[in-house]
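What follows is a set of notes on a single structure, which appears directly below.
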Amino acid sequence: DLRIGAAGDSMLFERASDAFRSGQAESFLPEIERALPASRDYKLWHLHGLILRQLERRDEAIGSLRRAVELNPAAPNPALALAQTLYEAG
């Protein structure tokens with residue numbers, strides 16, 4: 001089960017990242033959203049926020065991006081994505 005543990009999060013992140021790059025990320029949303037409640041992987045939360053932002057679901061994206069920043073405040077990409085999304089949301 002990909003939802004169990006960091007190894008599962010990492011595998012899911014890699015698959016979802018490939019899908020994001022190829023424009024197919026929306027198909028991974030249900031799987032990502034099942035994994036998120038137990039995940040402490042900031043990259044998975046960040047990717048979830050990026051997908052939601054791409055779908056113009058900015059309010060939801062902000063929550064996921066904030067969680068990514070909470071999990072790893074030193075990571076620049078989630079913080080930048082959060083700032084951009086807040087700006088876009090007005």
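Side-chain atoms are counted along with the backbone in the values below, which use heavy atoms only and exclude waters and symmetry mates. Computed from a prediction, not measured in an experiment: that's the story for all the values here. Numbering of residues begins at 1 and proceeds along the displayed sequence.
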Minimum heavy-atom separation for [X] to [Y], with atom names?
X	Y	result
Ala75	Tyr42	CB-CE1, 3.5 Å
Gly49	Ala61	O-CB, 3.3 Å
Ala89	Ile62	CB-CD1, 4.0 Å

Between [atom1] on residue [X] and [atom2] on residue [Y], distance to nearest 0.5 Å:
X	Y	atom1	atom2	value
Arg53	His48	CZ	NE2	13.5 Å
Lys43	Asn72	NZ	CG	10.0 Å
Leu44	Leu36	CG	CG	5.0 Å
Ser10	Arg15	OG	CZ	11.5 Å
Leu47	Ile32	CG	CD1	5.0 Å
Ser39	Glu33	OG	CD	12.5 Å

ILVMFWY cluster, [X] and [Y] together (side-chain gap under 4.5 Å):
X	Y	result
Leu52	Val69	no
Ile51	Leu65	no
Leu82	Leu80	no

- N/O donor-acceptor pair under 3.5 Å between Ser22 side chain and Ala19 backbone: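 Yes, Ser22 side chain to Ala19 backbone: donor-acceptor pair under 3.5 Å.
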- Has Glu26 got more than 12 heavy atoms of other residues, nucleotides or ligands less than 6.0 Å from its CD?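 Open: at most 12 neighbouring heavy atoms sit under 6.0 Å from CD of Glu26.
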- Message: Please check if the number of heavy atoms outside Arg40 that lie under 6.0 Å from its CZ is greater than 12.
- Response: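 Result for CZ/Arg40: open.
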- Query: Below 4.5 Å, heavy atoms only, C-beta onward: do Gln54 and Phe20 meet side chain to side chain?
  - Reply: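 Yes, their side chains come closer than 4.5 Å.
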- Answer yes or no: is there a side-chain heavy-atom contact under 4.5 Å between Thr85 and Arg66?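 Sidechains of Arg66 and Thr85: no contact.
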- Message: What verdict does the side chain to side chain contact (heavy atoms under 4.5 Å, CB included) test give for Arg57 and Leu29, after you've listed the backbone C-alpha separation in whole Å, the side-chain angles of each residue and the deciding distance to 0.1 Å?
- Response: CA-CA 12 Å; Arg57 293 167 52 185; Leu29 269 180; 3.7 Å; yes
